[in-house]
Structure formats: C-alpha cells, structure tokens
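The next block holds one structure in the form of structure tokens; read it before the comments.
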Amino acid sequence: MAFRSPDIDWASLAPTLVLLGASAVCLLVGVFLPRSARRPFSATVAVLGLTGAGVAAGILFGLDEEASTLVRGSLVRDRLAEMGQILCAAAGLVAVGVSYWESRAPVGERVPRELVDERERIAEYYALLVAAVGGMAFFVQANDLLSLFLGLEWFSICLYILSAIGVHRLASLEAGLKYLIVGSFGSAVLLFGSALVYGSTGELRFAAIAEHAGDAERLLFVAGLAMILVGLAFKVSAAPFHMWTPDVYQGAPTPVTAFMSAATKIAALVLTLRVVTTAFPGEEDLWSVALAVIACVSLAWGNLAAIVQSDVKRMLAYSSVSHAGFLLMPIAAGNALGGRALLYYLVAYAAMSIGSFAIVAARERELRSAVTFENLANFFWERPLLGGAMTLFMFGFIGLPPAGLFLGKFYVFAAVIDRGWTWLAIVGVVATVVSIYYYGGVIVAMWMRPPALRVAPAGGSPPRDRPLETAVLVTAVVTVASLVLAGPLVDLMREAVEPLTFPR
Amino acid sequence: MLTTALIVLPFAGALIVWALPWQTVRAAGGFALLVALAELFLWVVAVRNTDFASGVLQHDVETVWFADLDAAYKVGLYDFSLWLVGLTALVTVTAIAYGMWVGRARPRAYFGLLLFLAGATVGVFTAQDLLLFYVFFEAMLIPLYVLIGVWGGTRRHAATVKFVIYTLAGSLLMLVAIISLGLERGTFDMTRLGESGSTWIFLGFVVAFAVKAPIWPFHGWLPDAYREAPAEVSALLSGVVSKTAAYGLLRIVLPAFPDPVVDLRWLVLGAAAIGLVYASLLAFRAPDVRGVIAYSSLAQMCLIVIGLMAVNNSGLEGALLQMVNHGLISAALFLLAGAIERRTAGARLELLGGMARGRPRLATLLITVGVIALAVPLSTAFAAEFLILNGIFERGWGWALVGAGAIVLAAMYMLRLISGVLHEEVGPAVHAHALDLRPVEVAVVGALTVTLVALSFWPAAITDHAFADRPERAIETQFARGAR
Amino acid sequence: MDGPGIASYLIVSAILFAIGAFGVLVRRSPLIVLLALEIMLNAGNLALLAFSRHLGGEEGQIFALAVMVVAASEAVVGLGLIVAMSRLRVDLDVDKLRTLRG
Amino acid sequence: MTPAAWVALFAPAAAVVMIALAGHRITGRAAGVIASGATLVSFVATVVTFALLLRRHEEERSDASTLFTWLSAGDFRVGFEIVVDPLSVFMMLVVSGVGFLILSYAVGYMATDDEERRYHAYKALFVFSMLLLVQAGNLLLLLAGWGMVGLSSYLLINFWHRRRSAVGAGKKAFIMNAVGDATFALALFILIQQTGALSFAPVFGRAELMSDTLATLVALGLLGGAVAKSAQVPLHTWLPDAMEGPTPVSALIHAATMVTAGVYLIARTAPLFELAPEVHDLAAVLGGVTIVLAGLIALVQTDIKRVIAYSTMSQIGYMFVGAGLGAYGAGLFHLMTHAFFKALLFMAAGIVIHALAGEQDIRRMGGLGRELPWTYRFMLVGAFALAAVPPFAGFFSKDAILASAANSGTLGWILWGLAAVGAFLTALYTFRMLFVVFGRDVSAYAREHLHRERFEGPLAMVWPVAILAVLSLVGGFLQVPGLWHAVDHWIEPVAESIEEASGGTAVFSAVAALALALAGIALAWMLYRRPTYGPERARRAAPWAARTLEQKFFFDEAYDLALYEPASHTASGLYRFVEAPLVLASLGDIGATVRGAGRRLAAVQTGVVRSYALAVAVGLAVLAIAFVIAS
Amino acid sequence: MAGEVLVWIVWILAATALFASGFAVVLFSNPFFSALALIVNLASLAVLYLLLAAEFVAAAQVLVYAGAVVVMFLFVIAYLGGRADAPWAGGPTLQRVASVVAAGAIAVEVVVVIVLKAGDRLSDAAEIGAGFGSPATIGRLFLSDHLLAFEVTSIILLVAAVGGVILGSTVPPAHRAEAREREPVV
C-alpha cells in the first residue's frame, strides 16, 4: 500500500487559497469581533483577499507563458484561467464597494446600524462572497469534469445562499429557492452529461476526452455533450435555460445581483470556452451551431421580454440574458478572434453590469423601494454622477461609444463574420436595435421625466455612499478605458486565449 | 496635431463645461461659445496651413489603437473634409450663441452636449480609420438623443426614440458592413482600404448612410426629430449631422466600392430621385414651418446623393458645395423657425402670416435664406445644384430631368414658406407685439446668411479648393469606370 | 461480469433520472422537489458507477462520492431555505412563490 | 472699355448693399436717389463703353473680361465673366437708360409708401440682375442673371405683400419662370457635355459638331427659358397677374426690360438656334400666336395696367417673330422702341392711377383728358407708337419685322398675316383704352377721387415721362426701311440679320399694316369714343367668345387642372397613403408588434419555478435529440 | 451459473424496488412518506452499487445518505408539519403534460441510444481486480490523485453548513423588540 501524495503546486492555487483564507478570516470575525467593527473589518478582509487573489493571479499570468496542469491533470494553470480569476476577483472587489452600506432591513423598517449588521450577518455575507469568488477561481481552472462539477457547485451554493441572504424579504428567499431548485436541476443534467461523456470515452480530463472522442460511442458522447452544454448555458443564463435569471436577479439583494450578473457570466463563459475547445474540438460542427442557436434565442427572448418590464432590476436581468446571447456568439464562432472577443466583451460587460446594478442599489437605498422606470424619473438631475454613469452604461449596453462594449460588439461581430456567419451578426444588430427601447427608456426616465412628487425618506437625503460611488466610478472608468486602451487590453486577451487551440 | 486639436478641443470644452461650478447660462454658454470660437479659429488656421493643390491627406496623425485588427487612431484632413469641418465649427458657434440667447435650462449639460456633438462630428469628418469613423459616427447619437429628449418639444419622447432607433439600426448595419469590409481588406485604415466588389457590404453602408442622411424611404425619423428638437439642435442635426452621411458616401462608399457603385447606381439614384420629388411634394403640403424645412432638407439630401452617385467631377464638386450650402441654409432656416416660434403661438403656416410688416430684419433674412435655399440662380445653392445636375446628366438625362423638375417644386414650397410667414394678413397665431429679430438673432442668422452670400459670390472658393486629387485616386479610377 | 450488462444499469439510471425530473416538474411541495432532485443526482451516480465498472477505473466512484456530498450540501441549503420561508408564514408551495414574475 | 462695363454692372449692386446696410438711417427718398443715381452711373458707364466700342473697328468690337473663376469642377470652369460687344452694349443702353428714367420716376411714385427703401433696393437689385443678364460672358452667368431678374421680379410683384393677389401673382411669376430656368439649365447640360464649355465663343464654335437632335434639344431648352421669361404662349399667364406690383415695376420689368430678355437670348444664342431651324421657326410661330392671342384678350380687359400688359405680350410676340425668323436687328430694334413707348404708357398710366388714388379699372375712369392734359398727350404719343403710326417709333420697328417676315417664304407670310391682324388689334385695344380713360365725360368716380398735384404729379414723375415721350417720337428714326439699318448693322458682328423685303413687297407690307392700324383706331373711335351698345351687342352675339376672352383662353384653368391640382393632390395623397402609414407609423407598428411579443414572452415567465425547470428540460430534450440525429 | 442467476434475481428485485420507491417519492402526497420512500430508493441503489463492485460507495450511500440526509429531511418535515399536497388535482395541465413528455423524452432518448447503438459495446465490462471499489482503494485515490476533489467537497459542505446556519437560524426576538422601541416604524 504505497501511499504517494500528489505533488501539488500550491503556488498555482494561490488565488483560490488566498480567497479561502480571507473567507475563513471573515467567518471568524463574526465570532470574535464586536458588532460595530464587523462591517469595516470583514469588508477590509474581503477587499484584501480579493486584491490578493487578483494580484496572485496577475503574477501567475505574467509567469505562465506555457500552460501546465496540476494535481494529475484535474486542474490547469494557464493564462485563460488566470484572466478569469482576475476578472472574477475584480468583480468581487467592486461588489464589496456596492455591498458596503447595503441595508437589507425590510422596507419601511428602520433599525440601528449595528443591529442591521447583526441581522444581516455581515461577516458571513462577506465570507460567502469571497468564497464564491474562490469557487469561481477554482472553477475556471478546472481541467476535468469532476473539477468542473465541483467548482460549479461550490460557487453555485454560495450564490444560492447569497441570493437568499435577505431572509426577511420573501422575494429574497423566493429567489434563493428558485435558484436552488432550477440550479440543482441544471447540475443534475450536467452530472448526467458528465457521466455519459465519461462512460463513452473513459476519461474525465478535457484533453483526454478530446483524444478518445474518436473511438467513443458517438451517440452517448454527443448526448453527454448536449447535457454539459445545457448545464453551462444554464449558468450563463442563456435562453431557454435562463428563466431563473429575472426572478433571481430581481429578488436577490441588489449587490449580490450585481456580483452575480458579472462574475457568474465570466466564470461560466470562460469555462464554456475551455470545455468546448479542449474537450470537444471534434464536435465543433455540433456545438457551434447549437451555441449560435442558443445565442439567437437568448437575444430574441431577452430583448423582447426586457421591453415590457417596469422594474429596472428585472429589465437589467433580461438584458443580461440578451448579452448572454452576444457572449455566446464568439464561442460559437470557434476561432481565436472569438476567444479574444469573448474576453474583451466580458471586461466591458462585467464593468457595466455591476455598475448599473450598483446604481439601482443606490436608488433603492434612496427610495427604500424597488426601482422602477417611474421612480427613476429625474435621477440624472438629482445625482449627476450616478446618473451620468448610468447614462454611460445604458448607451454602452446599446453599443454606443465611449463605452468599451461598443468595441466588444464590434469584436463579437467580427468573430462571427470572420467565420462566415454574417446572419448571426445581423441577428445581433436587430437585437441591439430592439434593446434601444428599454435602455433608452432608462435614459428617458433619468433625463426627461419630470420628478414624481414623493415623500422624502425620513431623515432627509441619504448620506453619501462613498464606497458605492467609488465602485460606480471604477466601473465607469473601466468601461471607458476598455475602449481607449483597447490595444493593450486586446493584447492581454490574446495572450489569455493563447493556450487554447481553436477548431477554426 | 492640428486635426487632433480640432477633435479634442470641443470634447475637452464639453468636459470643462460640465464641470463648471457656475450654473448660469451666461457662464456655461459663454464658455462653450468661446470654445466654439476657438474651434472656428483653429479651422481658419487649418485652412491657412492646407495645401489645396496636393490633394493628399494633411495634418494627419496615426497612433496604433489595437493592432489586432489593424485599427488605429488615424485622423487627417483632405481638402474636401476641411470644408465640412468648417461648416461644423460655424454652425456650432451659431447654435451655441442662439442657445444662449434663448437661455436654455440646465445650461451646463446643454452646452456641454452641444460641444460634444461638435467634437464627434468633426471626428467623423476627419477619421481615416473605419472603426474610428464609426466611433465618432455613433458618438453623435448620444448628445442628440439627450438634446432632443430633454430640451425638445412636447412630443419629444416619441421623436427621440424614433430617431435613435432608426439611426442606430442603420449604423449597426454599417458596423456589420465595416467589419466585413475590414476583414475582407485586412485593414481598417481607410487610406489603405483598396477596393471591394461586395454588393452586400456596399448595401450595408448605403443603407446606414441613407438612414442618417436621410434618403427616402428611410426618413421616418426626420419630421418628428426636426420638429421636436430645439431650434439650434435641429439646425445642427439637419445642417451638420446629416452631412456626415453624405460624407460617408463620398469618403468610404465611392472609393471602396467602384463596381457596386456602377452596378447599383440605378438603385441609389432611384431612391434619391423618388425621394427628391416625394420630399418636395410633402414639403409643399407640410402644415408647419419646420415641416417645410424638414422635408426640404430631405429633398436636399437626396439631391446631394444624386450628385455623389454621378461620380464625376461635376457631381462630386456640386455635392460637396451643396453639403456646405445646405448646412448653412438649413441651420439658418431652423434658427429662423425658432425665432418665429418664439413670436407666435404655434408655427402652423395657416395661422401665420403678415410678419414682414414692421419686422424688416426677419423678412430680409428669411427671404434671403429662402431664395438661396430654392437655388435662385447666382446663389451658391444654384451653383451647386447646377453642378450636381450637370454631373448626373452625364450619367443619364432622365435623372437631370427629375432634378430640374424638383427645383421647380423647391421654388413652390420655399415661396409658400416665405409667403406663409411673412405675407398677406397678420395670422391669428402671430403675437401682435412680437418684436423684430433681436441683435443676437440677427448676428447669429446673419453670420450664416453672410457666409451664404459670400459663397454665392464665389462658389469656386470651395469647388476650386477641393478634390485637387481624388482620395487615393480611387474616385478617379472609378470615374473612368463609371462611364461604362 | 455476472448478471445484467452495463447497458441495463444505464437504462435503469436513465429512467430513474426521468422519474426524478418528472418529480421536480410536477410537484409543488418544495420538500418533495428536493427529494426528487436527490433522485436525479443519484441517477447520475448510478450511471457513473456503471461506467466505472464498465471501464474498470475508479474515477467514476470518486465522482459519485463527491456528488453524494454535493447532494447533501444542496439538501442542507434547500432545507434551510424552506425553514426560513416557513418563518415568514408562507405556504410551502412552490407555485405560490410568484412575487417575482413577468 | 471693360472697366467701364464692370462699373456699369456693379454700381446698382453697390446701391443695394448701401440701402440695405443703411436701413432706417436714410430716408426713403434718399434710398431712391441712391438707386437711381447708381443706375445713372451705370448708364454713363455704358455710354462710355459704347463710345469706346464705337471707336473700334467693326471686327474688333468684342471684348471679354473675367474677374475670377466663379465655379469650377475639374476642367470645367466658369468665370465671373462679362462680354462687351455690340449686342450687350445695345441692351445695356436700353436697360440702364430706361432703367434710370423709371427709377427716377419711382422716387416720386413711391414717395408715399412706408416701405420705400425696400422698394428702391429691390429695384436696384433688378437693374444689377438685368445688367448681369445682358453683360454675362457665358451662358451660366446669363442664366444667373436670368434667375436673378426673376427673383427681383418676384420681390417687386409682391411688394405690397399684404394683398393676397399680389403674393399669389409673385409666386406664379417665379414658378413659371423657374420652369423656364429649368429648361434653360437642361440645355446648358447638353452644351457642357457636347462642347465642354459655356462661354459664348467656344460654345458657338463647337456647337456645329452636335447632332441635329441635340441641337434641337438645346434650342428647345433655351426657347423654354425665353418663352417663360418673355411671357409668350404658353407660359404667359404670369405677366398679367404681375401687374399687382407697383406701376414703375410694371414699366421697368414687365414692359421695358426683363420680359424682353427672351428676345435678347435668342439673338445672343443665334448660332445655336440656327443649328435648329425648326425650333427657330417655333419661336417665331409662338410669337405670332401670342400676338393675336394677347391682342384678343386685351380687347376685353378692364384694368388699365392689364390692357398694357397684354399689349406687352403681344409686342414681344412681334419681337419673337423677328428674332425667330432671323431678323435680329428688327427684333432688337422693336425691343428698344417698345421699351420707350411701353415704359411711357405704363408711367403715364401710373400718373393716372396715382391721380385716382390707386384705381386701375378703366370703367371708373373717363374724361381725364381734360383733367390731366399732359398725361393725355404723353399717353397719346405712346398709343400712336404702339399702334405703329408713323412717324412714331413703333411704326419703324414693327415695319422692319413685317418686312423681314415678308421675306421669309411661306411661314413668313403666315406670320406676316398674324402680325398684321395683331396690328389691327393693337390699334383697337390701345385706343379703346385711350378713349375710355381720357375721352368721354368725367366719370363720377374720377370726379370724386381725382386729386391733382402741382403738375398732374410730382415733378420726379413727370420729367422721365416727358423724356420717354420724346424718345417714342424720334426713336424710330434709328432705322428707316430702305434707307439705313443702324441697329442691324450694329449688332451684325454678333447676330447677322436676314434681309428685309424690299421694293414693292416692302411698300405693300408697310401700307397694309398701317392701313390695318388705322382701321383699328377708327373702329375704336366708333365704338369707344362715347359709350355705345356696340361692345355689348358683340358680347351678346357671341357669348362663348366673350367668355373665352374674358377667361383668357382658359390657360390658368388648364394649368390648375393639369399641373397644380394633380401636384397638390399627389402631395396630399402621398402623405395620407405613403408617408403617414408606411414611413412615419412603420416604427410605431413594429414597436407595438415587438412590445406585444415581449408581453407574451414575459407572460411565459409565470413565476412558477417548475415551469423554469421544464424549460430547461425541454431545451435539453430538443438539443440532445438534435445532436443525436445530427450524428 | 447459479451466481449469475442470483445476481439477476437481486438485480431485478433491486431495480423494481428502485422504480417503485422512486415513483413513490414523486407521487406520494405526503412529504413524510416520500422521504421514507427515498430511504428505500437509496437502499435499492446501494444494492445496485454493490452489484457494480462499488462497495465503498454503497456503504457511504447507506450511511451518509439514508442515514443522515434523509433523517435531516425527516426532521424538517416533522418540524414544519408535513403538509400534503395533491399532485394530481386539477387534471392534466400544460405543465404536467409537458413534464411527462420532456422527462419521458430524455429517458427514452438515452434508452434508445443505449439499446440501439451502444448496447453491444457496453454489454461487457472490464476485468477488475479484487480491490476495485474497496474502501482502501477509494481512500488512496482520494488522498492522491483526487485530493483536490476531496478538499473541495469539504469546502462545499462547509459553505452549505454556513448557509444552513444563516438561513435556518432566527434573529433573537429580543433584538426585534428592542428595534421597535428605539425607532418607530416609518
């Protein structure tokens, strides 16, 4: 019984480990620190942990010119994973700023701050947030089906809890339960698919799957592929697997929504890209078409449903469905340009998505009620900074400069056109045009609607929410900078997708 | 550097205006006006430093933007783009001055946005990279959207949405076209683009520009937008922004798609010719002042496109001259419309009339601009239309015939406008004690009118100083081919 | 290998998966939905083990064990949610969770 | 020589700028003085030019001068270019000379108007435009002047812009002239295409290379412009309406100068017309038809200015006959004498109108000969000149045209016939007007409204009329048939006229025309010397004819029916059936459809979590089955 | 041969129990009975696992799953008072029909694929050693090749535990009262 522990390159797990550590510290804080200190301390720990993870991933990014695997091939260490980690950590970091003054007290009930902290289990909140980022950091490194499944469950469970963390609001619980049920359903599908792929090729590792795909039992293999795609598309919230998204995004506490909308997409899409290119390159003709179709359905469904929303958060949720469509397009293109396009789009999209949800959060705190198009009236003139940023984001979502998403769309279209799928780009164009209705609606509300008469919240105007404003500012800067500094950014993304071999 | 300065100055001015601590019209507008005047001055400097004989790209700057797809920050001025930049600068000055005079609410945002619009427009006229061109092209939308939506008339929301949806649909189509073209040619550098034979890409560009210009039948946004926008925004929109589309046809479509231009000339010309007559007829029945100006603007854009599609010296020179002319004319007309609206309760022509009495300045300016607009011979508009129709005559006498007919219609609707406002008995909507144009209004409209009169005296100032050499000789080679 | 072939196990697993899915799709009690989800995950496990046997490799078994833990974790969170909801005096009926819709 | 011509051209333009800039700082009278002074400068400069030209040898009497390139496109360049040659100087003399007289007259005539300054500025603008037209050194600039006179004409017709009829008349004039401009421009396009230039010399030089069809089209285009500007059938209907303008305007623009520009154009582009003989003849035929048509309509007009206006049309018809047959000298000679006597008639009529406080209806006038004796005499001179009674100017010039027609074969004789009928009609309606206005007893209206000034009118109004009367009396001796042909000879370097008939034919032509004219006068004497039942009986006898004449041969109605109404209905129809439902509403409908689809899709999201899982399951089933089938 | 017959019998019994209990879980209206049926279900699965030579997994199944997880379910059901719902009341709705069809389609698809195409290749199994599936082997694998999986499962469990605490525990009522006193509801 020779027992040989595997050589684990702990350094390459640094981002995940740093996050796990930070999460643990946060949890302990909840036990040992006085209530008043919990919020600043746990937030600081979260910031440090996320920064540390990001820096660690950045250092690894600098070091890793060649991809390598670890723990007997179940994880991979390459620039794609590290880029994913950096982005997820950044999303988490911004989310901390958005979360800082979040009060999850029931509407209309004012409670002292320390009590709110206690009730909200602020330390656990940050612990889970950081742990979720840790799960994503692990997830994007996954190199076999087992790690994939475990990583997915890791961050998913964190997100189920985070969504439901406003335990005094039925909406939050409802969101959590719905997410859990549908999410587990998706996980089960993913699991069954993994089993089929495993059975037909005898391998769990992506590269090995690709090697053995030739002599695999083909029908089982493609059925497994279909199920894995569904499981991932579910996480990406692509239609028709997206139906949890609006409910969860709307019901979850807004900072959580902000975080989820950006980070989940980053993690899931990066891994989708990795899975389809490394494990299923031979089935490119299947998944590319499937993803293209899913992208189209997402664009259509997300945009059309978004038009009729009155709740801004829900509208943004549907918009995230439609952007899932845009994000699947470059993967469907199956070329290196698509890889770069995906990552570039993700940067701009993530920044704008968090930023816009953050602004919704700010308005929520101001109004103490859900943000609708109605009560967003006059927002720009009341809060020029936030309103200006929101304007930037909304124009950006449409794809207008100076937001980086403009170039993102350009890149995405370039990728699919390069593949010869101009029709897909046209679908994207039509979807974008439709999207003007609701993004424009936000702008109309903020700029052009006269302010509604409303009773000012007791205690006058809310105190300045510096962390949130900083977060919004950061996202706005990233949004613009990603356009101006597109050159260096694209170069980074090029390096990030270098480890992958694209079928086209 | 000069080109970059021309682009950056308005943008920087916009940022500063937004950040100004004073919220008064005088401070914000005054500063914006200074910036706009500085821009005009820069343009004069550029004119003085431009060699009109060479015909090559001048004052150009190139910095790699992202090497991945060979996109660069590349800007520069051709002799013909210089005139459009000048048009932008001048109309912006007048628009800001007029806005100050009117005293728009929320001045910082307003004047900042006007400057932003100017910067983006100048960017379109100077960009030498397809992607950069597109960035500026889209950037124009943002200020327009807000300017119409916030400061517009009572039906501004619908107008805004319509405007944005139309133009964005068009320009996104152009994005697809740009990408296809860029990938096909391997670069986005407009000066190294070469020629493409793809009909579909060609059509993508044409439709995009046709929406922006607009050209029949893509003008659904036009009447509402022009009616609902503040007068000076309408002036900028129809005077300057619409020219970007014509410029795009000139700078991108003609050189890059020589064969499709020839093969599908009938299509574009057909739409433009129908549009010319159609818009002229609708202008003749439009019930209000702005409606007449709006449809006449549509007609004029169709005429410009006809000139461009002639693809010969006469047509191109005429089209360029007419771009500048129409920019000045419609800016002046919209500002006058604004002035009229301030003096009346609603600008329905049937309720107006008799305003000439006791208001010689209004009458003089409206008549002067109006008759130039209807291309009375010796006016610069006449010179341009003559060249345009002469150019298209070489391609087919029928087109020129339609154009000549439309000129008669132009006389009809312009005279109807002039008479409807100025003549006969005083209309019920006219405020009895409304004053003549005030000095600021006279200065603003007068500046445009004087420019027009000066151009009428010497239209060759533009036609002799443009197209010294065709952009990369592409148009010239096309000219040879276009003849077949 | 004695007895029925691997294919038979797989067929059983597929049917079990469908039964579980059916449960999730038709039941309104969140508790039973959770139970059905457990069945689905177990169906996956059965497939994994069958393949593991078929291939003679133990990775499938490892996978199955991990899934078991994950299933337990989901159950914990799910039950926690149900308890929390019961505190808000909400009917335990997923069809009545319709404050978020449209 | 050319500097003087430039001075002549720009002096009125300078006056416009001065008056416009001065605004209220100067009096209306000062503005008038500036305008007429500038025209005097033009006239003096023209005389200098004329003198200089006269000193040159006949072959060298042509000089062009380009100030700068006005318009260019590639190799095609058009200069701001004037040409000084016998033809242009001839026209300049008429324009600036008669123009000066009329502008001076207007200072008095308009003295009571409160927008006098505007009036004088427009008037000076007109003189500039007209000079540009006749001096232009190339066809484009000619077209520019052509359009500018149209513009000034528009501005002056609706000068009294509170009158609905004046505004309508202005628009009508402008639009009908725009039609002419358009055909003119189309002709130029062909010329550019064929000759690559627009300056006279190269165009005429290379025009011979054109095919017959193209040459015909060019001539037709030019003729279209000429017909519109000169109010010939069928584009004549604007001219009577144009009488809404102040009377000096009618005198200057709609009698003496602008409307005769068509004749100038035909003479100027004679080489082109000669390449297209059919069109050349067409011009003459149109002229001939107009002579009779206008003469007939004039018989029933009751507005003093309209009577004169129709006579103008008719007289220009003579000029067209002359120019169309190639008798340019005769045409231009008639142009000049017509300028004299028609301006005289208008201005005399202006005095009458002025004296009657703006009344223009001849039925309310009568017996004014006693009240306004000098005016009566002036008018008489004008009437004799118009009726072509020797020794008045009209006789000689009309005789020249008739003699030329008599020498032009069958078509010439037909046209001669028309012209002869015209001569009869002219005499008839002219003297009808004269007798009705000045003869008979003083009418009730006149008794009530007549206000005499010191000398029938302000002095400023009378002396120009007197000068014109003298010119109408002696102007004809410039060219006497059979003796000397000063005008023909003068313009020969530009346009060579055909030979007139001589000998017996010439004598017959002259005597016959004179006889017809005298017959007309006699008939007028019988019918209109005092109120008779003659006209009424004629009306009863042929009501349809009377109606046709009173409705001016239904041209206005026809145009309304054929052009205006369809255009107006098309516009409304386009709006109702295309613009509103398809273009403007399209987006709204699409938007509603999209919104409806969105509403349905959002309704799928019922909030029931099981349905969400179902969506996943269905999606999975579809995808998996598709994959399996695809493999 | 006898062994094989025995295996067949056991297999058939286990499979039958599996399906029966599975349907029972899904169809019982009372969650309490459903949970009990799940125990049967898990136990029959464990039998199948044994037949597949997965001894350790089978043991874990019984101990962890049937023993712990289901018990937890039972506690919660007992705590909440297992309310019955009527799964079939109201006749066939779109949701139900579609559910049957979709679930059936997935099952049929996999079954068809297996029976038609993969049946032959999957019929035989690899030769395995005696240690296959034994706790020792699994344990060694968990601590060597799949160490990470092992660690991660523990993290997931920890996270779930934290979540259970957050969601399941209550705010002390004292604090609530205190809150109300200090600041009235707005």
Side-chain angles (χ1 to χ4, degrees), chain D residues 561 563-631, chain E residues 18-19 22-31 33-35 37-38 41 69 73 76-77 80 82-123 160 163-164 167-168:
Chain D
L561 216 63
L563 299 172
Y564 182 83
E565 293 285 320
S568 178
H569 283 125
T570 312
S572 300
L574 277 181
Y575 186 82
R576 195 169 316 139
F577 299 114
V578 181
E579 182 79 351
L582 297 182
V583 180
L584 298 183
S586 59
L587 206 64
D589 290 351
I590 296 174
T593 315
V594 167
R595 213 166 271 276
R599 208 163 282 128
R600 273 191 290 282
L601 268 180
V604 171
Q605 193 93 12
T606 51
V608 177
V609 69
R610 300 180 296 141
S611 66
Y612 302 177
L614 179 63
V616 176
V618 171
L620 168 64
V622 171
L623 193 64
I625 291 170
F627 271 24
V628 168
I629 290 172
S631 291
Chain E
L18 189 66
F19 290 148
F23 275 114
V25 170
V26 172
L27 297 179
F28 274 148
S29 61
N30 191 329
F33 295 126
S34 287
L38 186 65
N41 188 278
V69 175
F73 266 100
V76 171
I77 290 166
L80 298 176
R83 253 165 304 183
D85 65 349
W88 298 110
T93 59
L94 182 66
Q95 166 83 22
R96 283 173 190 154
V97 174
S99 301
V100 173
V101 172
I106 296 169
V108 167
E109 192 219 341
V110 177
V111 169
V112 165
V113 165
I114 290 166
V115 170
L116 287 186
K117 304 279 294 189
D120 295 343
R121 268 175 70 177
L122 290 178
S123 58
L167 299 171

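Because only heavy atoms are used, hydrogens play no part in the values below, and waters and symmetry mates are left out as well, while side chains stay in. In the text below, chain A, chain B and the rest are named by the order of the sequence lines, each starting its count at 1. Only a predicted model underlies this, so the values are computations on that prediction, with no experimental measurement involved.
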TODO: Test E/P31 against every option in E/V76, E/V25, E/I77 by the side chain to side chain contact (heavy atoms under 4.5 Å, CB included) rule and name the one that passes.
DONE: E/I77
TODO: Can you sort out the partners of E/F33 under side-chain contact (heavy atoms from CB on, under 4.5 Å), two or more places apart, ordered by chain and number?
DONE: E/F28, E/N30, E/L36
Task: Residues in residues 593-606 of chain D near chain E [non-hydrogen atoms, under 4.5 Å] - done: none
Task: Engaged part of E/A98 at the chain D interface, taking heavy atoms whose separation is under 4.5 Å - done: both
- [ ] Output the distance between atom CD (D/E565) and atom OG1 (D/T570), rounded to the nearest 0.5 Å.
- [x] 10.5 Å
Open item on the list: With a strict 4.5 Å heavy-atom criterion, list every residue of residues 614-626 of chain D that contacts chain E, or say none.
Closed with: D/L614, D/A617, D/V618, D/L620, D/A621, D/A624, D/I625
Open item on the list: Going by the rule side-chain contact (heavy atoms from CB on, under 4.5 Å), which residues pair with D/S568 if we only count those two or more places apart in sequence or in a different chain?
Closed with: D/Y564
